[in-house]
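Since the structure is predicted, the reported quantities are computational estimates derived from the model, not experimental observations. The figures here come from the full heavy-atom set of this structure, side chains too, leaving out hydrogens, waters and symmetry mates.
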Amino acid sequence: MPVKEPEFKSAALARLRVTLRRLALFSLGCALLAVAITFKNSEAPTIHLLLAVAILAGGSVLVASFLMAIMYYSARSGHDAEAHDSNALIDKDPQ
(Lines give C-alpha, C1' and ligand atoms only; values in the text may rest on other atoms or scores of the structure.)
Protein backbone atom coordinates (compact mmCIF):
# COMPACT_ATOMS: atom_id res chain seq x y z
CA MET A 1 0.00 0.00 0.00
CA PRO A 2 1.57 3.33 -1.02
CA VAL A 3 2.28 5.93 1.61
CA LYS A 4 0.14 8.97 0.79
CA GLU A 5 0.92 11.28 3.72
CA PRO A 6 3.62 13.86 2.93
CA GLU A 7 5.23 13.65 6.40
CA PHE A 8 5.76 9.91 5.96
CA LYS A 9 7.17 10.44 2.48
CA SER A 10 9.59 13.10 3.72
CA ALA A 11 10.67 10.87 6.61
CA ALA A 12 11.25 7.97 4.23
CA LEU A 13 13.24 10.18 1.86
CA ALA A 14 15.32 11.50 4.76
CA ARG A 15 16.03 7.93 5.85
CA LEU A 16 17.00 7.03 2.27
CA ARG A 17 19.38 10.00 2.06
CA VAL A 18 21.09 8.96 5.29
CA THR A 19 21.39 5.39 4.02
CA LEU A 20 22.84 6.55 0.69
CA ARG A 21 25.41 8.74 2.46
CA ARG A 22 26.47 5.80 4.62
CA LEU A 23 26.74 3.59 1.55
CA ALA A 24 28.85 6.21 -0.21
CA LEU A 25 31.24 6.28 2.74
CA PHE A 26 31.31 2.49 2.76
CA SER A 27 32.18 2.37 -0.94
CA LEU A 28 34.92 4.96 -0.36
CA GLY A 29 36.32 2.75 2.37
CA CYS A 30 36.22 -0.27 0.06
CA ALA A 31 38.05 1.71 -2.62
CA LEU A 32 40.75 2.79 -0.17
CA LEU A 33 41.13 -0.76 1.11
CA ALA A 34 41.47 -2.08 -2.44
CA VAL A 35 44.10 0.56 -3.23
CA ALA A 36 46.03 -0.27 -0.06
CA ILE A 37 46.01 -4.00 -0.85
CA THR A 38 47.08 -3.32 -4.44
CA PHE A 39 49.84 -0.98 -3.30
CA LYS A 40 51.14 -3.53 -0.80
CA ASN A 41 51.04 -6.53 -3.13
CA SER A 42 52.31 -4.86 -6.29
CA GLU A 43 56.03 -4.44 -6.90
CA ALA A 44 55.83 -1.19 -8.83
CA PRO A 45 52.32 0.26 -8.66
CA THR A 46 51.70 3.21 -10.94
CA ILE A 47 49.23 5.97 -10.24
CA HIS A 48 47.16 4.75 -13.18
CA LEU A 49 46.82 1.29 -11.68
CA LEU A 50 45.85 2.68 -8.28
CA LEU A 51 43.28 5.04 -9.81
CA ALA A 52 41.78 2.24 -11.88
CA VAL A 53 41.52 -0.02 -8.83
CA ALA A 54 39.93 2.75 -6.77
CA ILE A 55 37.40 3.66 -9.45
CA LEU A 56 36.46 0.07 -10.27
CA ALA A 57 36.30 -1.24 -6.71
CA GLY A 58 34.58 1.81 -5.24
CA GLY A 59 32.32 2.31 -8.24
CA SER A 60 31.06 -1.24 -8.33
CA VAL A 61 30.31 -1.26 -4.60
CA LEU A 62 28.67 2.16 -4.91
CA VAL A 63 26.39 1.18 -7.80
CA ALA A 64 25.41 -2.18 -6.31
CA SER A 65 24.64 -0.77 -2.87
CA PHE A 66 22.72 2.22 -4.23
CA LEU A 67 20.56 0.02 -6.45
CA MET A 68 19.85 -2.31 -3.54
CA ALA A 69 18.92 0.61 -1.26
CA ILE A 70 16.59 2.08 -3.88
CA MET A 71 14.98 -1.31 -4.39
CA TYR A 72 14.26 -1.61 -0.65
CA TYR A 73 12.98 1.97 -0.53
CA SER A 74 10.64 1.28 -3.43
CA ALA A 75 9.30 -1.88 -1.81
CA ARG A 76 8.78 -0.20 1.57
CA SER A 77 7.13 2.91 0.19
CA GLY A 78 4.57 0.97 -1.84
CA HIS A 79 5.67 2.02 -5.31
CA ASP A 80 5.92 -1.61 -6.38
CA ALA A 81 2.36 -2.37 -5.29
CA GLU A 82 1.14 0.74 -7.06
CA ALA A 83 2.78 -0.37 -10.31
CA HIS A 84 1.37 -3.88 -9.91
CA ASP A 85 -2.16 -2.53 -9.42
CA SER A 86 -1.95 -0.28 -12.47
CA ASN A 87 -0.78 -3.19 -14.63
CA ALA A 88 -3.77 -5.23 -13.44
CA LEU A 89 -6.10 -2.41 -14.44
CA ILE A 90 -4.55 -2.14 -17.89
CA ASP A 91 -4.80 -5.90 -18.50
CA LYS A 92 -8.54 -6.01 -17.77
CA ASP A 93 -10.76 -6.10 -20.79
CA PRO A 94 -13.33 -3.22 -20.74
CA GLN A 95 -16.07 -5.39 -22.29
Side-chain angles (χ1 to χ4, degrees):
M1 172 179 305
V3 178
K4 300 286 186 197
E5 295 81 15
E7 59 270 1
F8 291 129
K9 280 187 176 183
S10 64
L13 278 175
R15 190 171 48 234
L16 178 66
R17 285 187 189 118
V18 169
T19 302
L20 292 180
R21 281 190 205 116
R22 288 180 183 167
L23 291 173
L25 289 174
F26 176 71
S27 66
L28 179 64
C30 288
L32 291 176
L33 180 66
V35 167
I37 291 171
T38 303
F39 187 78
K40 181 182 176 190
N41 292 334
S42 182
E43 292 188 19
T46 63
I47 189 69
H48 299 101
L49 172 68
L50 298 177
L51 281 174
V53 167
I55 290 170
L56 291 175
S60 62
V61 171
L62 184 74
V63 169
S65 59
F66 275 24
L67 289 174
M68 188 64 71
I70 290 172
M71 183 182 70
Y72 281 120
Y73 170 74
S74 174
R76 272 191 248 152
S77 66
H79 287 61
D80 294 340
E82 197 174 86
H84 177 70
D85 292 341
S86 67
N87 286 337
L89 292 175
I90 291 172
D91 291 341
K92 288 185 179 180
D93 206 11
Q95 296 156 342

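Other members of the hydrophobic cluster containing F26, listed by chain and number, are V61; membership follows side-chain contacts under 4.5 Å among ILVMFWY residues, whether direct or relayed. Grouping Ile, Leu, Val, Met, Phe, Trp and Tyr residues whose side-chain heavy atoms lie under 4.5 Å apart, directly or via other members, leaves L25 alone, with no other cluster members. Annotation for L56: hydrophobic cluster partners, listed by chain and number, are none (ILVMFWY side-chain heavy atoms under 4.5 Å, direct or chained).
When every heavy atom of S65 is checked against every heavy atom of L23, the shortest pair comes out as O-CD1, 3.5 Å. The minimum heavy-atom distance linking A54 with A31 is given by the pair O-CB, 3.6 Å. Of all the heavy atoms in A57 and A34, the pair that sits closest is CB-CB, 3.7 Å. Here the closest non-hydrogen pair linking V35 and V53 is N-CG1, 4.1 Å.
Inter-residue side-chain proximity for L13 and Y73 is flagged as met; some heavy-atom pair is nearer than 4.5 Å.
L50 and L62 fall into different hydrophobic clusters, where Ile, Leu, Val, Met, Phe, Trp and Tyr side chains are chained together by heavy-atom contacts under 4.5 Å.
Proximity of a side-chain donor or acceptor of S42 to a complementary backbone N or O of F39 within less than 3.5 Å is not detected. In this structure, S74 contributes its side chain and M71 its backbone to no donor-acceptor pair below 3.5 Å. Judged by distance alone, the side chain of T19 and the main-chain N or O of R15 form a donor-acceptor pair under 3.5 Å.
The distance from atom CG of L33 to atom CG of L28, rounded to the nearest 0.5 Å, is 11.5 Å.
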